[in-house]
Enquirer: 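Shown below is the structure under consideration.
First listed ligand is number 1; within each ligand, the first listed atom is number 1.
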Amino acid sequence: MIAALRWQVDSGADEAILDLAVDRFAEAAKAKAAAATKRATETQDTTPTANRQTNTATPPESPRPVPSLAATDTVNQDARVLANACNDLTALRAALEKFDGCPLKTTATNLVFGTGAPSADVMLIGEAPGRDEDRQGEPFVGASGQLLESMLGFVDLDRTANVYITNILPWRPPGNRQPTAAETSACLPFLERHIALVAPRALLFLGGTAAKTLLNRDEGITRLRGKWYDYTSPALEAAGLAPIPAMATLHPAYLLRQPAQKRAAWLDFLSVREKLDRMELEKGR
Ligand code: URA
């Protein structure tokens, strides 16, 4: 028994998220049966709506449908329409809170939207909330967040004053597993709008997931880091905004495991500082 529990902890299943166990197989069967009944009722019931008797009984509770990979395109379209209708960060947060297109919402404790200065010079984008972030509803508050804050401090950046931080996904993947392509794609329109609303002077992608997703590249982070790219998106173009200079660097969680790599990340942070200083100089000319 102890070995089985240890195996679960090692696999990342280290947290009970509900008070009672949920039989997901039974839920799926219930949803399938409810859908079949609904289809049968719709084909049989040809009575004009006005003549139909009102059913006063409480409808059976069916679980929220979980989007399948095949439904991803529709989810993505819905997400884009919802996100693009938001004209400020408060509206975007509210739209994400209502959005049901990403199943991670059902297992997460909190939405982890973003934090920092809404008109920040630099916007940092990580991968997804971990356990501490999920509990507190704020990105990078755990051990990686502490390292990140000290690295920012060395280049005169501060997460409350001139930096804005968010993630590719606003909900924690169970056990901190890697986000799936469907989850990333469902949430991407919100992130693209998020970036357009903050409209930072520079972007810093933390880790391979953020770098590959937002630069639309396949290479690993060690190849992508340390260079400047021009980031753009449909949301940025729709807002009439120019591409934003973007740098990719190593994720702080990786640096905690591989401290020898801090030197490379340090060079990336210095490059961000230099870029901001140069932009400031050019603005003053
Ligand atoms: N790792 C991330 O990528 N994001 C967080 O918010 C915390 C840890």
Enquirer: The criterion is side chain to side chain contact (heavy atoms under 4.5 Å, CB included); which residues satisfy it with E183, sequence neighbours excluded?
Expert: C102, L104, L169, R177, P179, T180

Enquirer: Between F205 and Y231, what is the ring plane arrangement, given parallel below 30°, perpendicular above 60°, and tilted in between?
Expert: perpendicular

Enquirer: In order of chain and number, which residues sit within 4.0 Å of ligand 1 by heavy atom?
Expert: G126, E127, A128, E133, P139, F140, N167, H251

Enquirer: Any side-chain donor-acceptor pair under 3.5 Å between S271 and W228?
Expert: yes

Enquirer: Looking at every non-hydrogen atom in both residues, tell me the closest pair between L96 and K105 and how far apart they are.
Expert: O-NZ, 4.1 Å

Enquirer: For residues 80-98, which residue pairs pass the salt bridge (Lys or Arg N to Asp or Glu O under 4.0 Å) check, not counting sequence neighbours?
Expert: R80-E192, R93-E97

Enquirer: Under the side chain to side chain donor-acceptor pair (under 3.5 Å) test, which residues partner R223, sequence neighbours left out?
Expert: none

